[in-house]
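Order of listing sets the numbers, starting from 1, for every ligand and every atom in it. Treat the numbers as computed from the prediction; the structure is a model and nothing was measured. Atoms considered below: every heavy atom in the structure, side chains included; atoms not considered: hydrogens, waters and symmetry mates.
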Amino acid sequence: GRLEFTPPGSVNRSCSGAPQGPRLAKMQLLFEPTTIPSHCHAQLESDLLLRPLAADDDARGHLELLSVLTVAPNLADGKYRETFDLLRACPTTYFTIVIVQKSTDKVVACGTIFVERKFVRSAGLVGHIEDIAVSKTMQGRKLGLKIINTLEEIGRGQGCYKIILDCSKDNIPFYEKCGFKHKEFQMVRYM
Ligand code: ACO
């Protein structure tokens, strides 16, 4: 199996050292797979594969998975791909990872860290963790923890000085187990 990342605007090239895919396939990935440190692939059941989001992960149930989190209806023709391409066109900014169950070829867990570039803190970088979801049947098997740990490693690798996230009160214990602590409050204004 081969996972490939083709930087926007360049020709295909293979990435040696990338994890083995469930089947021989060239996939268009959101970011270079070696951005995920190799030790993050350890301790994952053999039927599971951790990798960057692929352009066709809608066909693997990415949106159905996200519906455990919030409203995530199917998108009109081309909109998933269009969104993927927009994220991919911002290098070193959007890192969405997925865990795929090889036997079913379904996405069973996902999460994103996006990297905000600031003027303060000597042009510091802040990582924002977003859209963490584990499919109902796979919850409680440490996949959420694995996703967070991997996103943290990606953020560290990008040079973030901190990583922040918003969550419901119910999820505070989960994030505390992942090493986060409560700080500040969230405000919102719906448009
Ligand atoms: N309350 C208390 N403890 C929890 C909770 C919870 N709601 N969820 C997990 N934990 C604990 C587990 O018991 C485990 O503890 P242990 O190490 O002592 O055994 C530890 O946290 C790690 O749990 P995981 O098995 O990794 O959790 P899971 O794979 O089920 O993922 C998640 C947790 C992501 C919250 C999942 O339940 C889910 O997808 N929920 C619905 C969507 C959601 O709420 N996502 C988060 C939104 S916030 C955001 O995206 C920034």
At less than 4.0 angstrom from any non-hydrogen atom of [X], what atoms of ligand 1 do you find?
X      : value
Leu145 : 26 (O)
Gly144 : 26 (O), 28 (P), 29 (O), 31 (O)
Asp131 : 50 (O)
Lys142 : 16 (P), 17 (O), 19 (O), 24 (P), 25 (O), 26 (O)
Ile129 : 51 (C)
Ala133 : 39 (O)
Arg141 : 25 (O)

Inset, instruction - Determine, stepwise, if the pair Ile132 / Tyr175 fulfils side chain to side chain contact (heavy atoms under 4.5 Å, CB included). - result: CA-CA 11 Å; Ile132 306 301; Tyr175 288 110; 3.4 Å; yes

Which residue owns the protein heavy atom closest to [atom], what's the atom, and how far is it?
atom                    : value
atom 7 (N) of ligand 1  : Asp170 O, 3.3 Å
atom 51 (C) of ligand 1 : Asp166 O, 3.3 Å
atom 20 (C) of ligand 1 : Lys177 CD, 3.8 Å
atom 35 (C) of ligand 1 : Asn171 OD1, 3.6 Å
atom 27 (O) of ligand 1 : Phe174 CE1, 3.7 Å
atom 30 (O) of ligand 1 : Gly140 N, 2.9 Å
atom 2 (C) of ligand 1  : Pro173 CB, 3.3 Å
atom 48 (S) of ligand 1 : Tyr175 OH, 3.3 Å

Polar contact flag, side-chain donor to acceptor under 3.5 angstrom, [X]-[Y]:
X     : Y      : answer
Asp47 : Ser103 : yes
Ser67 : Glu64  : no
Gln28 : Arg81  : yes

Inset, instruction - Any chance you could lay out the side chain to side chain contact (heavy atoms under 4.5 Å, CB included) test for Ile97 and Ile113, step after step, and finish with the verdict? - result: CA-CA 9 Å; Ile97 56 170; Ile113 182 164; over 6 Å; no

Legend entry - Nearest protein heavy atom under 4.0 Å from atom 13 (O) of ligand 1, yes or no: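 Protein heavy atoms within 4.0 Å of atom 13 (O) of ligand 1 - there are none.
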
Inset, instruction - Would you verify that at least one protein heavy atom lies under 4.0 Å from atom 42 (C) of ligand 1, or report that none does? - result: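 Within 4.0 Å: yes, protein heavy atom nearby.
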
Legend entry - Backbone or side-chain N or O of Met138 under 3.5 Å from ligand 1 N or O: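 Among all N and O atoms of Met138, none is under 3.5 Å from an N or O of ligand 1.
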
Inset, instruction - Please tell me if the side chains of Thr150 and Leu50 come closer than 4.5 Å, counting only heavy atoms from C-beta onward. - result: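 Side-chain contact under 4.5 Å: yes.
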
Please classify the [X] to ligand 1 contact at 4.0 Å (heavy-atom distances, strictly less than): side chain, backbone, both or neither.
X      : answer
Ile147 : neither
Lys146 : neither
Gln139 : both
Phe180 : neither

Inset, instruction - Indicate, with yes or no, if Val100 and Leu63 share a hydrophobic cluster defined by side-chain heavy-atom contacts under 4.5 Å among Ile, Leu, Val, Met, Phe, Trp and Tyr. - result: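 Looking at the clustering, Val100 is in the same group as Leu63.
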
Legend entry - In one Ile/Leu/Val/Met/Phe/Trp/Tyr side-chain cluster, 4.5 Å: Leu125, Leu87: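 Per the 4.5 Å side-chain linkage, Leu125 and Leu87 are co-clustered.
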
Legend entry - Over 12 non-hydrogen atoms of neighbours within 6.0 angstrom of CZ in Arg117: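 Check passes, neighbour count above 12.
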
Inset, instruction - Indicate yes or no: does Glu45 engage Arg141 in a salt bridge with an N to O separation below 4.0 Å. - result: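 Salt bridge between Glu45 and Arg141, a charged N being under 4.0 Å from a carboxylate O: yes.
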
Legend entry - Test: Arg51 and Asp57 ion pair at under 4.0 Å: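 Judged by the 4.0 Å cut-off on N to carboxylate O distance, Arg51 and Asp57 do form a salt bridge.
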
Inset, instruction - Apply the test side chain to side chain contact (heavy atoms under 4.5 Å, CB included) to residues Leu143 and Leu48: give CA-CA distance (whole Å), side-chain angles for both, the deciding distance (0.1 Å), then the verdict. - result: CA-CA 10 Å; Leu143 296 189; Leu48 299 176; 3.8 Å; yes

Inset, instruction - Step by step, work out the side chain to side chain contact (heavy atoms under 4.5 Å, CB included) result for Phe180 and Glu152. - result: CA-CA 11 Å; Phe180 285 71; Glu152 257 186 75; 3.8 Å; yes

